[in-house]
Number of protein chains: 2
Amino acid sequence: MRISQLSAESGVPIPTIKYYLREGLLPPGEATSATRAEYGERHLRRLRLIRALLEIGRLPVASIRKVLAAVEDEETPLHRMLGTVHYAIGPDVEPHPDTAEWQQARADVDALIDQLGWAVSPNAPTRDELAQTLFTLRSLGAEAGRESLIPYARLAEQLVREREMATIPLDGPRDAAAEALVIGTVLYGKAFDVLRRIAHEAESARLLNAHPEH
Amino acid sequence: MRISQLSAESGVPIPTIKYYLREGLLPPGEATSATRAEYGERHLRRLRLIRALLEIGRLPVASIRKVLAAVEDEETPLHRMLGTVHYAIGPDVEPHPDTAEWQQARADVDALIDQLGWAVSPNAPTRDELAQTLFTLRSLGAEAGRESLIPYARLAEQLVREREMATIPLDGPRDAAAEALVIGTVLYGKAFDVLRRIAHEAESARLLNAHPEH
DNA sequence: CATTATTAGATAGTAGCAATATCTATCAAG
DNA sequence: CTTGATAGATATTGCTACTATCTAATAATG
């Protein structure tokens with residue numbers, strides 16, 4: 001299929017597709033001449049994944065490139081690729097002033113992960129990310145003890161184990177597993193986030209005896 | 001306290017504070033002369049909240065303004081204010097081509113909320129947001145039936161009911177409730193999101209027998 | 001075969017957002 | 001009375017995700 005058809009089927013404008021090609025998000029089509037290239041089903045699928053990561057996951061283009069590069073590279077062992085994907089998905093944590101409160105938050109995170117028995121790399125950036133959240137919660141006056149996160153962690157564990165990892169075809173082709181992981185992490189993460197906000201609304205209505213407007 | 005001290009204590013540069021004042025995120029200090037204004041503890045607290053919503057919640061400044069305006073306005077009844085906060089927190093859902101698949105996703109969301117027995121406004125933008133996620137999941141080939149979201153919904157319900165709404169002082173002063181709600185929704189939402197990604201890493205390591213690097 | 005349309009690839013420009021920077025006219029304090 | 005800080009206004013920047021334009025080559029069509 002030519003670029004115009006790729007654009008038509010995906011709904012992504014041609015200049016944007018060219019931009020993704022330039023940025024290395026989309027592999028080039030098979031050149032059939034100096035001014036023609038052939039794109040396939042794979043490109044369409046990739047394009048949809050890019051849009052999902054952008055629009056649903058709100059990942060910056062630079063992160064998407066990292067994710068897709070890890071997915072692409074057959075050299076990387078699967079568990080390293082999964083790690084790359086995880087780390088690319090999170091935002092950059094800007095460094096904090098090295099105060100006692102920050103040390104405490106960071107130590108609490110480490111202790112929490114230890115207590116949960118989770119096998120997580122000691123220098124995983126997600127540790128800093130969680131510490132930052134904990135730190136901010138406390139600086140806003142919330143009583144956010146380490147143990148207050150445990151119910152969240154247990155629920156997360158349950159979700160990941162029973163729903164998300166269970167659906168990833170770890171024995172199938174590598175790129176299928178990679179893509180499933182990305183979809184599971186980003187899209188189901190979003191789904192849960194929205195459901196949680198909907199639940200907030202429903203619960204508020206219940207507690208305040210406010211019936212939703214019809 | 002003067003603006004320089006406000007800046008020093010919050011870590012936010014003076015030009016940025018001025019920007020927030022201009023944008024109406026931060027109420028002006030009490031003017032003591034043409035070139036002097038006095039800021040208080042309230043401003044410091046507000047500034048911290050703004051930064052939390054920006055950095056942790058990644059809310060755009062325009063949304064933060066809406067949230068804070070709803071918190072501020074004593075006229076708005078509490079349940080309406082909570083609704084405003086919820087809706088401001090979510091992203092704008094760009095309109096979809098009105099295909100059968102979109103209709104189906106939207107209908108599934110409505111049916112799901114009905115089935116859960118949640119009291120949610122029929123025109124809540126979160127319905128569209130969830131439908132978009134469902135739609136995208138399906139367009140990527142995931143088998144995302146309506147029932148696949150039920151476990152997520154039940155977990156969300158549990159979390160919101162037992163942890164988050166329970167800590168909101170609904171009988172106390174209004175702005176305390178509002179702020180607690182914002183913090184609960186945005187910051188604990190983030191905390192859960194990070195914990196979920198950490199759980200992903202731990203579970204990947206477990207399944208792939210890959211031990212984290214030391 | 002001539003004309004019109006399409007494409008690859010390169011380069012430049014735009015829109016939106018969150019700041020920063022700069023400037024002036026005051027004040028405040030030593 | 002001189003130095004420094006501040007309010008308020010206006011302008012500028014840096015970043016990101018596009019979007020537009022141009023050229024040379026090629027394909028499609030009458």
Side-chain angles (χ1 to χ4, degrees), chain A residues 1-40 43-44 46-68 88-89 91-92 94, chain B residues 1-40 43-44 46-68 88-89 91-92 94:
Chain A
M1 105 179 78
R2 294 194 292 271
I3 199 175
S4 54
Q5 199 185 343
L6 187 61
S7 167
E9 298 224 9
S10 64
V12 179
I14 291 180
T16 306
I17 294 179
K18 287 187 168 189
Y19 167 65
Y20 294 156
L21 286 166
R22 278 200 305 280
E23 291 295 316
L25 302 189
L26 195 62
E30 198 185 345
T32 61
S33 83
T35 61
R36 225 36 60 118
E38 186 69 15
Y39 302 91
H43 294 89
L44 188 54
R46 167 61 59 93
L47 207 41
R48 278 202 267 259
L49 181 59
I50 293 169
R51 297 304 284 194
L53 296 182
L54 267 171
E55 292 168 9
I56 308 290
R58 301 200 174 283
L59 297 195
V61 165
S63 302
I64 295 178
R65 183 174 29 237
K66 277 187 236 161
V67 168
L68 295 179
I89 279 170
D92 294 347
E94 64 266 40
Chain B
M1 116 176 72
R2 294 196 292 270
I3 199 173
S4 53
Q5 198 185 344
L6 188 61
S7 166
E9 299 225 9
S10 64
V12 179
I14 292 179
T16 306
I17 295 178
K18 287 187 169 189
Y19 167 64
Y20 295 157
L21 286 166
R22 280 201 303 281
E23 292 294 317
L25 303 189
L26 195 63
E30 199 185 345
T32 60
S33 84
T35 60
R36 228 29 66 115
E38 186 69 16
Y39 302 91
H43 293 89
L44 188 54
R46 167 60 60 92
L47 208 41
R48 278 202 266 257
L49 181 58
I50 292 169
R51 297 304 284 195
L53 295 182
L54 268 171
E55 291 168 8
I56 309 289
R58 302 200 172 284
L59 297 194
V61 164
S63 301
I64 295 178
R65 184 173 31 235
K66 276 188 237 161
V67 167
L68 295 178
I89 281 171
D92 294 348
E94 63 268 38

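This is a predicted model, so every value here is computed, not measured. Letters A, B, ... are given to chains in the order of the sequence lines, protein chains preceding strands, and every chain is numbered from 1.
Using a 4.0 Å heavy-atom criterion, one finds that B:R51 contacts the sugar-phosphate atoms exclusively. Residue A:A31 is out of contact with every strand shown, counting any heavy-atom pair closer than 4.0 Å.
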Report, one line per pair, each donor and acceptor closer than 3.5 Å where one atom sits in a side chain of residues 8-27 of chain B; sequence neighbours left out.
| residue | atom | partner | partner atom | Å |
| --- | --- | --- | --- | --- |
| B:E9 | OE2 | B:Q5 | NE2 | 3.3 |
| B:S10 | OG | B:L6 | O | 2.7 |
| B:S10 | OG | B:S7 | O | 3.4 |
| B:S10 | OG | B:V12 | N | 3.2 |
| B:Y20 | OH | B:R51 | NH1 | 2.6 |
| B:E23 | OE1 | B:R65 | NH1 | 2.9 |

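Counting to the nearest Å, the P atom of D:dT16 and the CZ atom of A:R65 are 10 Å from each other. Rounded to whole Å, atom C1' of D:dC18 lies 17 Å from atom CG of A:L59. Between B:E55 atom CD and C:dA18 atom P the separation is 12 Å, expressed in whole Å. Distance, B:L54 CG to D:dC15 P: 18 Å, rounded to whole Å. Residue A:M1 contributes atom CE, which lies 19 Å from atom C1' of D:dA27 at whole-angstrom precision. Here the P atom of nucleotide D:dT16 and the CZ atom of A:R58 are 17 Å apart, to the nearest Å. Distance B:I64 CD1 to C:dA18 C1': 11 Å, rounded to the nearest Å. A straight line from CD of A:E38 to P of C:dT6 spans 17 Å, rounded to a whole angstrom.
For the pair B:E55/A:E94, a side-chain contact is recorded, criterion being any heavy-atom separation below 4.5 Å from C-beta on. By the 4.5 Å heavy-atom criterion applied to side chains, B:L68 and B:I50 are counted as neighbours.
Taking the nucleotide of DNA chain C with the nearest heavy atom to each of B:V61 and B:A34, the more 5' of the two is matched to B:V61. Each of A:T35 and B:T35 lies near DNA chain D, and the nucleotide nearest B:T35 is the one positioned closer to the 5' end. Between A:T32 and A:A62, the residue whose closest nucleotide on DNA chain D is further toward the 5' end is A:A62.
Shown for residues 4-30 of chain A: residues whose heavy atoms fall under 4.0 angstrom of DNA chain C, namely A:S4, A:K18, A:R22.
Atom CG of A:L54 sits about 3.5 Å away from atom CD1 of A:I64, to the nearest 0.5 Å.
In plain terms, the two heavy atoms of A:R58 and B:P91 that are nearest each other are NH2-CB, 3.0 Å. B:K66 approaches B:A88 most closely through the heavy-atom pair CB-CB, 4.2 Å.
One can find a donor-acceptor pair under 3.5 Å joining the base of C:dT6 and the side-chain atoms of A:R36.
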Worksheet item: What's the verdict on side chain to side chain contact (heavy atoms under 4.5 Å, CB included) for A:I3 and A:Y39, showing C-alpha distance, side-chain angles and the deciding distance?
Response: CA-CA 7 Å; A:I3 199 175; A:Y39 302 91; 3.9 Å; yes
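Dashed line: the shortest gap from a side-chain N or O of B:S33 to OP1 or OP2 of C:dA28 is under 4.0 Å.
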